[in-house]
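Taking it in order: structure first as structure tokens, then the write-up.
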Amino acid sequence: MDHPLPEPDPGCGPDFFTEFQHAGILANTGVVVTRNRLIGNQLGIYAFGTMETSHNTLIANDYFGLALQDGTFTAVKDTVRGGVGGVAVIASAVDTAARLDHVKITKTSGDPIQKFECCGFTATVTTKP
């Protein structure tokens with residue numbers, strides 16, 4: 001018996017301000033997300049608040065490997081391959097700062113690092129090769 005493919009979630013999409021995204025890992029303030037391998041999600045890791053990621057491998061996630069929203073973030077030696085973008089830094093409720101320390105981003109169809117700003121808040125990204 002053939003099983004039809006599931007319909008896409010109509011509320012999901014790449015716009016962080018008007019749509020939802022599913023994440024392999026959803027993390028909040030105080031959490032350290034380390035040494036995970038996430039493949040084929042809409043977002044690999046979606047984080048809020050103040051937190052750190054390290055040594056994660058994020059492959060072929062539809063939109064971004066890392067989405068960092070409304071806080072202060074440090075990503076150390078994460079690897080992102082594929083997807084539209086590697087890292088999204090989103091400021092919608094507070095100014096947001098992301099420090100990317102030796103984060104490797106390859107084979108994205110769009111810009112590897114993208115900033116999304118709303119409502120007068122700013123997104124800032126610093127990188128270390």
Side-chain angles (χ1 to χ4, degrees):
M1 177 176 167
D2 288 334
H3 294 285
L5 292 174
E7 292 294 319
D9 188 337
C12 289
D15 187 327
F16 291 101
F17 304 117
T18 63
E19 298 173 299
F20 295 101
Q21 299 81 31
H22 297 284
I25 294 176
L26 180 63
N28 206 340
T29 296
V31 174
V32 176
V33 178
T34 187
R35 300 192 186 280
N36 296 283
R37 182 177 172 92
L38 300 165
I39 301 169
N41 297 284
Q42 289 182 338
L43 302 171
I45 299 171
Y46 199 176
F48 299 86
T50 300
M51 61 151 310
E52 180 178 317
T53 66
S54 69
H55 299 90
N56 296 291
T57 302
L58 310 158
I59 301 171
N61 293 289
D62 294 338
Y63 305 132
F64 291 91
L66 287 170
L68 311 172
Q69 184 168 353
D70 294 331
T72 303
F73 304 92
T74 302
V76 179
K77 296 185 178 179
D78 291 320
T79 299
V80 180
R81 187 171 63 237
V84 173
V87 178
V89 180
I90 308 133
S92 64
V94 300
D95 290 337
T96 300
R99 182 173 64 93
L100 308 180
D101 187 355
H102 294 89
V103 172
K104 183 178 179 182
I105 303 169
T106 59
K107 298 182 180 178
T108 59
S109 63
D111 293 333
I113 300 169
Q114 297 179 38
K115 297 188 294 184
F116 298 86
E117 300 175 328
C118 175
C119 314
F121 298 104
T122 60
T124 305
V125 180
T126 57
T127 60
K128 225 178 173 179

With distance as the sole test, does D70 use its side chain to make a donor-acceptor pair with the main-chain N or O of S92 at under 3.5 Å?
yes

Say you draw a straight line from CD of E117 to OG1 of T124; how long is it, rounded to the nearest 0.5 Å?
7.5 Å

Donor-acceptor pair, D78 side chain versus N56 backbone, under 3.5 Å?
yes

Would you say I105 ends up clustered with V89 if hydrophobic residues are merged whenever their side chains have heavy atoms under 4.5 Å apart, either directly or through other cluster members?
yes

Between T108 (side chain only) and G83 (backbone N and O only), is there a donor and an acceptor less than 3.5 Å apart?
no

Output for pair (H55 NE2, R35 CZ), nearest 0.5 Å, gives 5.0 Å

Taking N61 for its side chain and N41 for its backbone only, find out whether a donor-acceptor pair lies under 3.5 Å.
yes

V84 to S109 - nearest heavy-atom pair and separation
CA-OG, 3.4 Å

Once rounded to the nearest 0.5 Å, what's the spacing between atom CD1 of I90 and atom CG of L68?
7.0 Å

Which residues pass the side chain to side chain contact (heavy atoms under 4.5 Å, CB included) test with D95, not counting sequence neighbours?
F121, T122

Using atom types as modelled and distance alone, determine if a side-chain donor or acceptor of T96 lies under 3.5 Å from a backbone N or O of V94.
yes

Should Y63 and L66 be regarded as members of a common hydrophobic cluster, given that ILVMFWY residues are connected when their side-chain heavy atoms come within less than 4.5 Å of each other, either directly or indirectly?
no

Separation of K128 NZ from R99 CZ (nearest 0.5 Å)
6.5 Å

Hey, quick one: are Y46 and M51 part of the same hydrophobic cluster, counting side-chain heavy atoms closer than 4.5 Å, chains of contacts allowed?
no

For the residue pair T34 / S54, report whether a side-chain donor-acceptor contact shorter than 3.5 Å exists.
yes

Do F64 and V80 have side chains that get closer than 4.5 Å, going by heavy atoms?
no

Apart from I59 itself, residues in the same hydrophobic cluster as defined by side-chain heavy atoms under 4.5 Å
I39

Could you give me the CA-CA distance, side-chain angles and deciding distance for I25 and N36, then say whether side-chain contact (heavy atoms from CB on, under 4.5 Å) is met?
CA-CA 9 Å; I25 294 176; N36 296 283; 3.7 Å; yes

